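A short worksheet on the structure shown next.
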Number of protein chains: 2
Amino acid sequence: MPLDMETATTRPRAMRLRADATRNRERIVAAAREAIVELGPDVPLDEVARRAGVGNATLYRHFTDRTDLIRHVTLSVVARTVKRAEDALAQEPDAFTALRRFVFESADERIGALCSLLSDVFDRQDPAVVSQVEQMQRSINAIMERAQSAGQLRTDIAVGDLMAAVTQLTRPLPGTCCAGFDRFVRRHLQLFLDGLRAPARSVLTGEAATLEDLQARQP
Amino acid sequence: MPLDMETATTRPRAMRLRADATRNRERIVAAAREAIVELGPDVPLDEVARRAGVGNATLYRHFTDRTDLIRHVTLSVVARTVKRAEDALAQEPDAFTALRRFVFESADERIGALCSLLSDVFDRQDPAVVSQVEQMQRSINAIMERAQSAGQLRTDIAVGDLMAAVTQLTRPLPGTCCAGFDRFVRRHLQLFLDGLRAPARSVLTGEAATLEDLQARQP
DNA sequence: CGGAAACGGACAATCCCTCTCCGTTTCCAA
DNA sequence: TTGGAAACGGAGAGGGATTGTCCGTTTCCG
């Protein structure tokens, strides 16, 4: 009689990790996110382990390889982004303020790391990733539509436009330890947000971009 | 009586390269710029040589190592940027149109690749690089000041704000062959330009950034 | 046409990264 | 408190990619 070996919830006994193991696992994911943001998606896994304060063997015990680790980092980042989007929408009465809060909080959380996640090893077949990305799109879309309905946000843009620009503007410069850089990022985000306000000050070329548009690429 | 060994113009006899040599040298620099834009600053030099249509030995004959090559690429890109800035200022009667033209042309020339050049191996001691960067700052500043005097550009920004944002927005995503991405870049640049227009729609935090501010980083 | 300059493919040396081995430490339950 | 299992971490072998050089061949130019 085979049992479900995949989910911890159905097998609390066999799957439960020791306290230090779960702590280290979370540390590794967090360190990987930071390292990817700073050094790019090709960061050595030894460097990730070093930042997490664990040995490299511990990293490989939790994640089979780089792809596996990055997949979990992706899930983590997207989940946090969804949460921020929903919180901003629920807690901010003003529509554009909610959008601005979401943008700034995303910048603080280093959403720029997603750029490599989406482009490098993004597995569009993975159901968990796909469904989370879809949920993220819906959450951000809700913020934008409310602002558009309120006449505060120009209507010729879509989720992809916002996220691509925010991602790019918050990407760290390789090699710089973002000391002085962080201060400027907020300025750039604010300038970009000013450009998003209604009424639109220009006519944009092309179509409003969805997240799917950003993921399209030729092999 | 020592002669200037640095410039080809003063020593036409000893320094003159054969025709194919000068052609290959220029090809290598051009190929390196393209390769860096697409594959990042760590692109293998063999790949650069392949794109230039030369053997790798030819590359090493012209440039001692990667740093030397990137230095020349930097000089090339900055020089072209200065030229674009001056042309835009001289040829466009409308102040903001000149700014927009400069921004879009810089995007077309992949100025986003400069981010890695400036951050990775930028030698702030090199007189040639320093003086060219200063000239670039002056040229861009002239465009911005004219637009500000005309009341078309908000006055709480400086050269560093513009260039950092344009650089970030036009940076290539690692791994993607920027097929669909290019179309969106123009949208983002236009949105950002809309945010730059006077009257300002928000109050920015911090100080206006110069190029020097961007180069500052702690070792 | 001849010599020198330049070229290019191939190769050795080197570096870095991945992943595993195994002795040691930490946790947890009895 | 203690025993045993789980987890850890440092070190190092293995592998792949990149750098930089060698040398026979080709191209230029007087």
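These figures come from a predicted structure and were not determined experimentally. Throughout, a chain's letter reflects where its sequence line sits, starting with A, and its residues are numbered from 1.
Rounded to a whole Å, the CG atom of B/L69 is 16 Å from the P atom of D/dT18. Rounded to whole angstrom, the span from the CG atom of A/L17 across to the C1' atom of D/dA6 amounts to 10 Å. Atom CD of B/E47 is separated from atom C1' of D/dA17 by 13 Å (rounded to the nearest Å). If you take CZ of B/R50 and C1' of C/dC7, they are 18 Å apart, rounded to a whole angstrom. Taking atom CZ of A/R23 as the reference point, atom P of D/dA6 lies 18 Å away to the nearest angstrom. In this structure, the CD1 atom of B/I28 is 12 Å from the C1' atom of C/dG8, given to the nearest Å. Whole-Å rounding puts the B/D68 CG to D/dT19 P distance at 14 Å.
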Check: salt bridge (charged side-chain N to carboxylate O under 4.0 Å, His left out) between A/E38 and A/R51: does it pass, once the steps are laid out?
Finding: CA-CA 12 Å; A/E38 282 184 40; A/R51 289 172 177 234; 3.2 Å; yes
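Using modelled atom types and a 3.5 Å distance limit, the side chains of A/E145 and A/N141 yield a donor-acceptor pair. There is no side-chain donor-acceptor pair under 3.5 Å between A/R71 and A/T74. Looking only at atom types and distance, the side chain of A/Q168 has a donor-acceptor partner in the side chain of A/R171 under 3.5 Å away.
Closest approach to the B/A19 side chain among D/dC29, D/dT18, D/dA7 is made by D/dC29 (side chain taken as heavy atoms from C-beta onward). Residue B/R18 places its side chain closer to C/dA5 than to any other of C/dG8, C/dA5, C/dC19.
If you check distances only, the side chain of B/R66 never reaches the base of D/dT19 with a donor-acceptor pair under 3.5 Å.
Listed pair A/N24 / D/dC8 meets the phosphate criterion, a side-chain N or O lying under 4.0 Å from OP1 or OP2.
Using a 4.5 Å cut-off on side-chain heavy atoms (C-beta onward), A/L191 and B/L196 make contact. Inter-residue side-chain proximity for B/V82 and B/Q132 is flagged as unmet; no heavy-atom pair is nearer than 4.5 Å.
Both B/L45 and B/D20 lie near DNA chain D, and the one whose nearest nucleotide falls closer to the 5' end is B/L45.
With values rounded to the nearest 0.5 angstrom, B/I111 atom CD1 is found 6.0 Å from B/M136 atom CE.
The stretch residues 56-65 of chain B touches DNA chain C through B/N56, B/A57, B/T58, B/R61, B/H62, each having a heavy atom under 4.0 angstrom from the strand.
Residue contacts shown for A/D46 include a base, since a base heavy atom lies under 4.0 Å away.
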